[in-house]
Amino acid sequence: MSRYAHGSSLFFFFFLFFISMVLCQLPQNQKNAMEKLSTVLNETNPNPCSWKGVTCTESNSSITHLSFSGLSLSGSDFLVDLCQIDTLQSLDLSNNHLNSIPDEFIRDCGEIIGFNMLNFSKNMFSGFLPALHGFVRLQFLDLSFNLLSGNIGFQLDGLVGLRSLNLSNNQFNGPVPTHLGKSLFLEELQLSVNGFQGRIPEELMNYRNLTLLDLSRNQISGSVTDRIGELSKLKTLLLSSNNLSGQVPESLSKIETLSRFGAYENGFTGNVPLGISRYLKYLDLSYNKLSGLMPSDLLSSPNLESVDLSYNLLEGPIPVNISQSLFRLRLGSNSLNNSLPFVADGMLLKLIYLELDNNSLSGEIPRELGNCQNLQLLNLAQNQLSGPLPKELGNLLRLQVMKLQSNQLTGEIPDQLFRLQNLLILNISRNSLSGSIPPAISGLLKLSILNLQDNKLNGTIPDSIGSLNLLLELQLGNNNLSGKIPMMPPKLQISLNLSRNDFDGHIPETLSRLSALEVLDLSNNRFSGEIPKFLNQMGSLTLLLLSNNQLSGTRPKFQNPWLIVDTDGNKDLITISTNSTPPPILPKKRHSSAVVVVVAVAGAALAVGVITVILLLVSKRVYRVNDGSQHSGEEFPLRQVISGHLITPSSIHRGNIDFNIAMEAIGNSANIMLKTRFCTYYKVDMASGTSYYVKKLNWSDKIFQLGSHDRFGQELEVLGKLRNSSIMIPLAYVLTADNAYLFYEYAQKGALFDFLHGSLRSDLDWTSRYSIAIGVAQGLAFLHGCTSDPVILFDLSAKSILLKSLKEPLIGDIELCKVIDPSKSTGSLSAIAGTVGYIPPEYAYTMRVTMPGNVYSFGVILLELLTGKPAVSEGRELAKWVVSNSMQHDNLDRILDSSISKRSLGARSQMLSILRVALSCVSVSPEARPKAKDVLSMLLNSR
Ligand SMILES: *[C@@H]1O[C@H](CO)[C@@H](O)[C@H](O)[C@H]1NC(C)=O
Ligand SMILES: *[C@@H]1O[C@H](CO)[C@@H](O)[C@H](O)[C@H]1NC(C)=O
Ligand SMILES: *[C@@H]1O[C@H](CO)[C@@H](O)[C@H](O)[C@H]1NC(C)=O
Ligand SMILES: *[C@@H]1O[C@H](CO)[C@@H](O)[C@H](O)[C@H]1NC(C)=O
Ligand SMILES: *[C@@H]1O[C@H](CO)[C@@H](O)[C@H](O)[C@H]1NC(C)=O
């Protein structure tokens, strides 16, 4: 009955619709097509010419343009109907969820004579690129941001009118395509972010009308032909992030129209060619192997706005003639010497970024630098600059980052510096600055990192320091500071380092307020008295260094299993061995355990140090203009905007997610569910009743604030397309001026860590543990293997695994490597530390995260599941403990979590065979570790 009623009303609706369609003047075939479309689009107005996205001729007698972008359309069937509209000129279906192009669409739409623009960007098309027959007038074809793969041969050659082709952000491979429309009309060719290989083909030089050529982020190799100068209309040439070698072609200097040339992250050698920048606005050749002197005209061309030659092997002085249009100059990490160029008053007023760090520049910092009033980033670190810190730097009122560390600066810190109210990072460590820290320091209202360590500062720390409300890191180590330690800034998180000074007396009670602090270093002072109890309650602390003081009394037992404590060198301190309650780790001979503690502490210190280094490197790196985007200097600085981006194709999530609600919820710390070393998770309840995780990247303020956000978005878009049930896939993200927030499905149960060792510690039975092991292995094998561009995890630990249920794990934080370390190469740049206890041993010297390194971390998680013990306890790493025990005892039983292994013989024997898998994962040699997919099959086989 109700079914009948429904059917009849539907019929009535179509009847009305049909009647009204008759009244409209569109030809019958177009009406038919649009009638079908009306249901897809949920349109009820009988006149299609009035629909949003539909353009008709003036008389409404035919349809010319259709634009249905971002409507979450998924079924591709309606595409075929559209081909009945024989007057169609353009079709924009970008930003939907279409996943196939029907053959009939190609056949029928290819016959439409006037059809000139097809936009399928940002959909879910996968598989090979179909041959596009017909479409003889097609001028614009955009298939970017899909999942298309395979080679490109002749599929596009029939598009004789093609002027603009965008295939970027797919998974194509094979040689760079050359058959792109027989008549060679092509003006714009974008092939970036694919897997194209081989050389840049000579045939491409026949497309003389090219104005835009973007081949960046592929695997293209060999040298670039000098014939590239024949592309005399070229405006933009992007070759970055490939494996290109040889000389930068000199012929580029002949192209009068060329305004943007980016070729960073390649292996170019030889000199920078003379005249290369003659017509350019943007030049980026960073991360190559260019050597010799910079040509004297390199920076002088009046159009020049941005130059990046950092990370090369350039020598000699910085050229004196510098373009007045320049807003960005990056020459860091070369071997440049001589003094800094002179900046006359009223010159370089447009300069915003100046990075000359890690060279051999000498002489004083010129006072005239204070004239560059728009400067926001000044990095002169790691040179041989001497003399005082000029007080004129206090005129740089827009400055956000000042890095002058590792020079030979002397004298006192001028008070004028503390007028810089926009400063976020001040690093003047590793110089020979003297005098005291002036109370005026509290004028740096926005400061988040203050590093004064390794100087000759004396006197007391001023009380006013406590009012730096946004400070996250305070490094004062290795000075001559003394006296009372004032109330410290309340939000300190990354580190408070007072080591190697002359502090004495008791460890001050006020430190207990620093509830977010992770590293506290008070070592090498003259602190006395007992170790206060509150240190045991500082829940975020992971490293506590108290060594070489005069502390006395009994060393407390620290409960926090992930806290590493060093109290060596306090001769009156009594350490009671913990025999009363059995320790989680077997007591060893005193001698060898001390060695292990030192190693573990060194590991942790290394981790912390590395993070700092990374932040420096990363911040340098992301300040670059992404040369794939159309940036100009003016639109620059800090946007206070909140821009939300949905990346999930799921219309359910798209409907649920409300960015405003999320940003409000994040303001309330009661919504914090979980903190990992790098991220904070918030639970956000949307209006629909569905909950989501919103994850804040904790140090993103150091990464994104000054740079372009484009690459971040692109990386997330790619990750958002992954499909695997054991991975936390980003659904959406929000970028604010100083943070990045990622949205995920809510994982009911929280972190694996909490279940195994923490607050939620409960009976995780063997079936659950096994399912979790399999799930994580599946996810890891997928991340390492299934895409053309493997996803390597930056921080795989029991804290970064979340549980949907007790049997369904989700690997979190998959984006970190992509977001933090976008480069594929360049040594220590990819150095990233995970969590102590999960860091593979080779990391100490390779300093890079690798797939075998991930397998090691996974092995540690397996060991946690098998033993029930945390990755680090009492200064010992679980992996090392298990390895040494497994060698000493034949009876591997002793290693297993007996509360589980005793329950059934079946469980026990399976646990033993998985223990062997785990042991192979934590092999010291990375080569000896199995690949993730092999780990998975070994786990499945040990059923
Ligand atoms: C169609 O549009 C109407 C009115 O705008 C809305 O109430 C309804 O939910 C929509 N239906 C679908 C399937 O989108
Ligand atoms: C064409 O359709 C539009 C939108 O419905 C309408 O505003 C316009 O008046 C129509 N023009 C003619 C000539 O009918
Ligand atoms: C296709 O659509 C995307 C997203 O809407 C847009 O950015 C792009 O410029 C369009 N391409 C063309 C060729 O118009
Ligand atoms: C460049 O484009 C024009 C039309 O705009 C065309 O006549 C000419 O043949 C093209 N050049 C080449 C080399 O294809
Ligand atoms: C700090 O050092 C300076 C010399 O650099 C000296 O003149 C001054 O007296 C010292 N102040 C204190 C409090 O020791």
Side-chain angles (χ1 to χ4, degrees), residues 20-21 23-27 30-31 34 38 43-73 87 89-98 115-125 135 138-146 159 161-170 186-192 211-212 214 388-389 409-413 431-439 452 455-462 479-484 501-504 628-630 645-647 710 713-714 717:
S20 1
M21 288 287 266
L23 301 173
C24 136
Q25 298 132 333
L26 287 176
Q30 305 200 5
K31 280 184 232 165
M34 296 311 276
S38 68
E43 280 285 358
T44 48
N45 190 311
N47 179 7
C49 293
S50 69
W51 297 358
K52 191 161 176 287
V54 178
T55 310
C56 296
T57 51
E58 218 169 298
S59 59
N60 290 347
S61 58
S62 54
I63 295 171
T64 53
H65 304 279
L66 295 178
S67 171
F68 304 123
S69 179
L71 299 181
S72 304
L73 304 176
T87 52
Q89 295 170 20
S90 78
L91 176 59
D92 178 1
L93 288 167
S94 62
N95 215 348
N96 283 296
H97 312 316
L98 305 175
F115 195 43
N116 65 42
M117 199 280 284
L118 179 57
N119 194 344
F120 276 155
S121 172
K122 300 193 178 180
N123 277 285
M124 311 276 291
F125 295 121
F135 295 99
L138 198 67
Q139 298 184 19
F140 302 90
L141 176 60
D142 192 340
L143 288 165
S144 58
F145 291 96
N146 278 288
L159 304 180
L162 200 60
R163 288 170 51 199
S164 168
L165 174 64
N166 190 349
L167 300 177
S168 62
N169 289 275
N170 278 286
L186 205 61
E187 292 167 19
E188 299 188 342
L189 176 58
Q190 288 165 269
L191 301 175
S192 56
T211 60
L212 165 63
D214 184 357
L389 260 174
L409 302 171
T410 52
E412 303 199 353
I413 308 173
N431 280 290
S432 299
L433 299 167
S434 55
S436 56
I437 303 174
L452 304 177
N455 277 294
K456 297 178 174 156
L457 301 170
N458 64 7
T460 55
I461 304 174
N479 280 290
N480 304 319
L481 300 167
S482 58
K484 182 172 163 288
N501 279 290
D502 296 326
F503 294 112
D504 53 15
S629 69
Q630 306 302 312
H645 305 264
L646 285 165
I647 45 186
D710 293 5
Q714 281 181 13
E717 296 270 355

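Order of listing sets the numbers, starting from 1, for every ligand and every atom in it.
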Item to complete: Answer yes if the side chains of Ser432 and Thr410 hold a donor-acceptor pair under 3.5 Å, and no otherwise.
Response: no
Ser50 heavy atoms within 4.0 Å reach ligand 2 at atoms 4 (C), 5 (O)
- Check whether any side-chain heavy atom of Asn479 lies under 4.5 Å from a side-chain heavy atom of Asn458, and answer yes or no. no
Across all chains, not counting sequence neighbours, the ring pair (Phe, Tyr, Trp, His ring centres under 6.0 Å) partners of Phe125 are Phe120
Lining ligand 3 at under 4.0 Å, by non-hydrogen atom distance, are residues Ser69, Ser94, Asn119, Asp142
Show, in sequence, the C-alpha distance, side-chain angles and deciding distance for Glu412 and Ser434, and conclude whether the side chain to side chain donor-acceptor pair (under 3.5 Å) test is met. CA-CA 5 Å; Glu412 303 199 353; Ser434 55; 5.4 Å; no
Interatomic distance, CG@Leu138 vs CZ@Arg163, rounded to 0.5 Å, equals 11.0 Å
Numbered in order shown, the ligand 5 atoms found under 4.0 Å of a heavy atom of Asn458 are 1 (C), 2 (O), 3 (C), 8 (C), 10 (C), 11 (N), 12 (C), 14 (O)
Separation between NZ (Lys122) and CG (Asn146), nearest 0.5 Å, reads 11.0 Å
In ligand 2, the atoms that come under 4.0 Å of a heavy atom of Asn47 are 2 (O), 5 (O)
side-chain hydrogen bond (donor to acceptor under 3.5 Å, both in side chains) test vs Ser121 passes for just one of Ser168, Ser69, Ser144, namely Ser144
